[in-house]
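Take a look at the structure below.
Hydrogens, waters and symmetry mates are skipped; everything else that's a heavy atom, side chains included, is used. Here the structure is a predicted model, which means the values were calculated and not measured. Indexing begins at 1, ligand by ligand and atom by atom, following the structure's order.
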Amino acid sequence: MRNPTAFLKEDYENLVKNQLDWKLQNLESSSSPHSIVNGKKVLMLCSNNYLGLTNHPKLKRAAIEAIEKYGVGSGSVRAIAGNMDIHIKLEERLAKYKHAEASLTYSAGFTANQGLIPQLADEGDLIISDQLNHGSIIDGVRLSRADRAVYKHCDADDLSHVLDEAEKKNYRRILIITDGVFSMDGDIAPVDRIVKLAEEHGAMTYVDDAHGDGVLGEKGRGVTSHFNVEGRVDVEMGTFSKAFGVAGGYVAGSRDLVNYAFNKSRSWLLSASAPPPVAAACMAAIDVVENEPQHLENLWKNTRYFKKALKDLGFDIGQSQTPITPVIVGESGLAKKMSTRLFEEGVFALPIVYPMVAKDRARLRAMMNAALKQEHLDYALSKFEKIGKELKTI
Ligand SMILES: *Cc1c(COP(=O)(O)O)cnc(C)c1O
């Protein structure tokens with residue numbers, strides 16, 4: 001008799017053999033500048049907690065108060081018995097913040113992409129994606145029966161060419177999708193040019209701003225504010241799991257978009273609503289981002305300081321325009337070795353290797369954070385210098 005589950009062990013062992021498996025690190029404290037990882041106190045340089053809000057007293061208080069009033073779970077999906085007033089208030093608050101008519105929250109950014117993208121384009125339609133879009137967009141596109149086309153990364157001229165070709169085919173609808181900020185390199189999509197091209201061709205636009213939310217634009221309103229195109233992107237999608245320090249995805253746009261999205265997205269209709277403390281903490285996060293500008297200022301101050309110092313030391317930090325700071329060393333083994341040595345010296349920055357990036361572009365990725373102090377950055381830089389020299393990457 002064959003063993004129907006033998007592949008589980010075999011496939012896993014193959015991943016291990018090829019060094020493609022994930023070795024999970026154990027975070028034993030809050031995500032803070034000084035975190036405890038695998039029992040060791042380290043400087044946290046790989047969290048998406050850009051503004052340091054995971055641990056902000058106002059967010060914690062809001063979550064605790066919501067638990068006292070509403071309990072820890074909503075008990076249902078929104079469409080049945082889980083539509084609490086706190087969810088509606090969050091969506092009104094978010095829409096106001098984003099300068100949008102309406103917004104809709106999902107359990108995660110991933111499920112927003114997965115649930116909504118396939119409903120926006122079907123057979124007879126075309127979805128056009130940036131070559132390096134996030135995996136959750138790719139999965140959302142895969143669930144659609146629409147034709148697909150890809151344009152070169154951040155290349156609006158190539159997109160223009162793809163749109164010209166598409167015009168010959170008489171598609172019912174065309175949907176252009178891009179990340180706002182790309183998480184591996186920290187570069188920003190040319191959303192201003194994309195919006196203009198879409199308007200010229202009558203195409204819809206969908207921007208996933210997971211890494212631009214809370215980071216770019218006025219009061220952290222994201223990539224559309226950065227490029228001054230607020231109100232001109234049809235679907236502004238984002239997440240509370242990164243700069244906002246909590247969890248949960250969302251889309252912002254017209255009332256028509258929201259009515260359509262919640263009636264059609266299976267990942268919204270068939271998945272329970274956010275626990276009350278999560279919704280309350282998200283609302284508090286928006287308040288903090290709007291009313292405490294020091295976090296955004298610190299984030300960018302740290303980003304400028306850290307990037308300049310790494311460059312001055314002779315590191316290749318790529319083309320990032322955001323707090324995402326790749327330190328490109330080339331070969332996978334070298335990136336892994338550098339991460340291990342930095343960890344031993346008390347700095348936590350994970351390697352990013354093939355298949356996430358090209359084989360010869362392996363890197364460490366350091367994420368800047370508003371809560372880091374000058375002394376933290378200087379400590380990290382002294383370790384980067386020491387290990388860089390030791391491994392001859394500078
Ligand atoms: C992190 C991320 C997501 C997923 O967001 P979650 O809320 O954590 O599920 C989606 N898109 C992009 C571009 C991301 O970086």
Side-chain angles (χ1 to χ4, degrees), residues 22 27 31 46-51 53-54 59 87 90-91 94 98 103-118 120 127 129-143 150 153-154 175-191 194 205-217 220 222-224 226 233 235-252 261 265-268 271-275 278-279 281-282 285-286 320-326 350 352 356-357 365-369:
W22 284 94
L27 178 60
S31 184
C46 49
S47 159
N48 296 321
N49 177 25
Y50 291 110
L51 299 174
L53 301 191
T54 56
L59 274 69
H87 298 123
L90 169 61
E91 286 165 352
L94 176 63
K98 295 290 284 181
S103 84
L104 184 71
T105 54
Y106 288 75
S107 55
F110 201 106
T111 50
N113 283 337
Q114 211 180 27
L116 182 55
I117 294 170
L120 295 174
I127 303 180
S129 286
D130 185 288
Q131 184 186 7
L132 296 185
N133 274 348
H134 190 258
S136 59
I137 297 180
I138 294 171
D139 278 13
V141 173
R142 279 189 185 142
L143 288 173
V150 169
H153 177 53
C154 282
L175 173 64
I176 304 169
I177 305 191
T178 182
D179 282 28
V181 172
F182 290 85
S183 58
M184 295 298 148
D185 290 287
D187 49 344
I188 302 175
V191 174
I194 292 170
T205 44
Y206 186 120
V207 175
D208 174 342
D209 209 16
H211 284 277
D213 271 341
V215 171
L216 292 178
V223 74
T224 53
H226 174 81
V233 167
V235 186
E236 284 192 52
M237 176 267 161
T239 177
F240 286 104
S241 72
K242 293 184 172 125
F244 292 105
V246 194
Y250 72 80
V251 294
S265 305
R266 286 160 68 82
S267 66
W268 193 92
S271 186
S273 52
V278 170
C282 289
I286 300 173
S320 170
Q321 298 162 273
T322 60
I324 296 168
T325 311
L350 274 188
I352 309 264
M356 282 187 288
V357 293
R365 191 179 56 167
M367 309 293 279
M368 276 300 101
N369 179 312

Heavy-atom nearest neighbour of atom 6 (P) of ligand 1 within options Gly109, Gly212, Gly140, Gly238: Gly109
Distance alone, cut at 3.5 Å: any donor-acceptor contact between the side chains of Glu91 and Thr105? yes
Looking at side-chain heavy atoms only, is the closest gap between Asp130 and Ile177 below 4.5 Å? no
Salt bridge or not for Lys242 and Asp209, using N-O below 4.0 Å? no
Tell me which protein heavy atom sits closest to atom 14 (C) of ligand 1, plus the residue, atom name and distance to 0.1 Å. Lys242 NZ, 2.9 Å
Based purely on interatomic distance, does Thr239 place a nitrogen or oxygen under 3.5 Å from a nitrogen or oxygen of ligand 1? yes
Would you please say whether a donor-acceptor pair under 3.5 Å links the side chains of Asn113 and Tyr106? no
Atoms of ligand 1 under 4.0 Å from any heavy atom of Ala210, numbered from 1 in the order shown, are 2 (C), 11 (N), 12 (C), 13 (C), 14 (C), 15 (O)
Could you tell me, atom by atom, which parts of ligand 1 come under 4.0 Å of a heavy atom of Ser136? 10 (C), 11 (N)
Side chain to side chain contact (heavy atoms under 4.5 Å, CB included), that's the test. Do Met237 and Ile117 meet it? Break it down for me. CA-CA 11 Å; Met237 176 267 161; Ile117 294 170; over 6 Å; no
Looking only at the aromatic ring of each residue, does the gap between the centers of His211 and Phe182 stay below 6.0 angstrom? no
At a 4.0 Å threshold, what atoms of ligand 1 neighbour a non-hydrogen atom of Asp179? 13 (C)
Between Ser241 and ligand 1, does any nitrogen or oxygen pair lie at a separation below 3.5 Å? yes
His211 heavy atoms, cut-off 4.0 Å: which ligand 1 atoms fall inside? 15 (O)
Does ligand 1 have any atom that is closer than 4.0 Å to a heavy atom of Gly249? no
Quick one: look up the protein heavy atom nearest atom 9 (O) of ligand 1 and list residue, atom name and how far away it is. Phe110 N, 3.0 Å
Please list the nearest protein heavy atom to atom 11 (N) of ligand 1 with its residue and the distance rounded to 0.1 Å. Asp208 OD2, 2.6 Å
Side chains of His134 and Asp179, donor plus acceptor under 3.5 Å: no
Glu236 and Thr224: side-chain hydrogen bond (donor to acceptor under 3.5 Å, both in side chains), yes or no, with the steps? CA-CA 8 Å; Glu236 284 192 52; Thr224 53; 3.1 Å; yes
